[in-house]
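Below is one structure, written out as structure tokens; comments come after it.
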Amino acid sequence: MRRAVYPGSYDPVTNGHLDIVERAARLFDEVVVAVMINKSKSTLFTVEERMDMLREVTAHLPNVRVDSWHGLLVDYCRQRQINAIVKGLRAVSDFDYELQMAQMNQRLSGVETLFMAANPLYSFLASSLAKEVAQFGGDVSGLLPPLVEKRVQQRLAERA
């Protein structure tokens with residue numbers, strides 16, 4: 001079985017993330033979308049909330065499942081017999097950072113990293129940017145799945 005993991009913080013999941021998940025799901029028998037836990041990072045949503053949103057927006061993909069992990073991604077892969085990591089690249093700056101990570105992960109475990117070029121419609125998009133635009137009342141429709149957009153607006157209203 002060809003299995004891959006697509007790691008990220010997904011705070012919140014964007015249409016760019018969803019595009020990579022859908023494309024990876026066509027290439028692998030199973031894709032695990034792994035919400036990586038970083039306790040030093042300030043997030044808008046809890047891990048459970050992010051996982052719930054991911055489950056909802058990927059429900060149409062039968063070979064995609066959602067999980068979470070705290071620690072080295074290669075340990076996650078090793079424990080679950082996953083031999084590929086999928087990463088989306090938006091720009092050269094992403095490549096510089098992700099290449100180092102890919103080489104380290106390969107050295108530590110033999111797990112390969114596959115880079116997928118971002119759809120040009122989303123090549124500028126980052127969760128942090130979408131949150132910032134939403135926080136100042138900007139239009140994020142088309143950038144986030146509709147249910148995620150609604151939850152972002154609700155959470156920002158709660159915090160205001």
Side-chain angles (χ1 to χ4, degrees), residues 4-28 31-74 76 84-105 113-160:
V5 63
Y6 179 39
S9 61
Y10 304 108
D11 187 50
V13 60
T14 69
N15 285 341
H17 293 131
L18 189 53
D19 178 65
I20 297 291
V21 172
E22 289 171 342
R23 290 164 50 203
R26 291 192 299 262
L27 298 173
F28 292 93
V31 175
V32 179
V33 181
V35 176
M36 301 303 286
I37 301 168
N38 182 345
K39 294 187 188 219
S40 66
K41 202 172 191 181
S42 176
T43 59
L44 189 59
F45 296 100
T46 66
V47 171
E48 293 77 19
E49 290 170 326
R50 288 179 273 160
M51 290 176 67
D52 286 343
M53 285 186 281
L54 281 160
R55 284 186 191 105
E56 289 180 58
V57 300
T58 61
H60 65 288
L61 301 166
N63 62 330
V64 172
R65 67 180 183 86
V66 177
D67 201 359
S68 66
W69 181 254
H70 179 268
L72 289 176
L73 181 60
V74 295
Y76 181 88
I85 299 167
V86 172
K87 292 291 193 123
L89 297 179
R90 296 169 295 194
V92 171
S93 56
D94 285 348
F95 179 77
D96 288 342
Y97 174 74
E98 295 296 350
L99 179 62
Q100 287 180 312
M101 295 274 294
Q103 291 170 332
M104 179 61 78
N105 288 337
T113 299
L114 303 167
F115 297 123
M116 297 183 81
N119 180 322
L121 293 172
Y122 309 118
S123 62
F124 64 92
L125 181 56
S127 294
S128 58
L129 184 57
K131 285 188 293 193
E132 185 175 351
V133 170
Q135 185 174 17
F136 290 104
D139 182 12
V140 292
S141 60
L143 304 179
L144 305 174
L147 77 91
V148 174
E149 178 183 356
K150 182 178 177 184
R151 291 192 186 151
V152 167
Q153 290 169 344
Q154 288 171 341
R155 181 59 45 89
L156 291 174
E158 291 168 4
R159 290 188 173 185

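- Val148 approaches Pro12 most closely through the heavy-atom pair CG1-CB, 3.5 Å.
- Taking all atoms of both residues into account, the shortest heavy-atom contact from Val86 to Met116 is CG1-SD, 3.7 Å.
- Across every non-hydrogen atom of Pro7 and Lys87, the tightest pair is CG-CE, 3.6 Å.
- Panel note: side chain Thr46, backbone Glu49; a donor-acceptor pair is recorded below 3.5 Å.
- Between the side chain of Asn15 and the backbone N or O of Gly142, at least one donor-acceptor pair lies under 3.5 Å.
- Other residues, nucleotides and ligands contribute over 12 non-hydrogen atoms within 6.0 Å of the CD atom of Glu158.
- Taken from NE2 in His17 to OH in Tyr10, the straight-line distance is 6.0 Å, to the nearest 0.5 Å.
- Between Leu156 and Lys131 the shortest heavy-atom distance is CD1-O, 4.2 Å.
- Inter-residue side-chain proximity for Val140 and Val152 is flagged as unmet; no heavy-atom pair is nearer than 4.5 Å.
- Of all heavy-atom pairs spanning His60 and Leu18, the tightest one is CE1-CD1, 4.5 Å.
- Here CG of Leu44 is found 11.5 Å from OG of Ser128. Values are rounded to the nearest 0.5 Å.
- Between the side chain of Asp11 and the main chain of Ser127, no donor-acceptor pair closer than 3.5 Å is present.
- Counting heavy atoms from C-beta outward, Gln100 and Met104 have side chains that stay 4.5 Å or more apart.
- The line from CG of Asp139 to CD of Glu149 is 6.5 Å long, rounded to the nearest 0.5 Å.
- The CE atom of Met51 sits 9.5 Å away from the CZ atom of Arg65 when rounded to the nearest 0.5 Å.
- Going from atom CG of Leu99 over to atom CZ of Phe115 covers 5.5 Å, rounded to the nearest 0.5 Å.
- Residues Met53 and Leu147 have side chains in contact (heavy-atom distance under 4.5 Å, counting atoms from C-beta outward).
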ask   = So Phe28 and Leu114, side chain to side chain contact (heavy atoms under 4.5 Å, CB included) or not? Walk me through it.
value = CA-CA 12 Å; Phe28 292 93; Leu114 303 167; 3.4 Å; yes
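- Proximity of Met36 to Tyr76: side-chain heavy atoms (C-beta onward) are nowhere separated by under 4.5 Å.
- Between the side chain of Arg50 and the backbone N or O of Phe45, at least one donor-acceptor pair lies under 3.5 Å.
- Of the inter-residue distances, the one linking Leu89 atom CG with Phe95 atom CZ reads 7.5 Å to the nearest 0.5 angstrom.
- Heavy-atom contacts from other residues, nucleotides or ligands closer than 6.0 Å to OH of Tyr97 number 12 or fewer.
- For the pair Pro145 and Thr14, the tightest heavy-atom approach, listed with the atom from each and the gap, is CD-C, 3.9 Å.
- Counting only heavy atoms from C-beta outward, the side chains of Arg151 and Leu144 never approach each other to under 4.5 Å.
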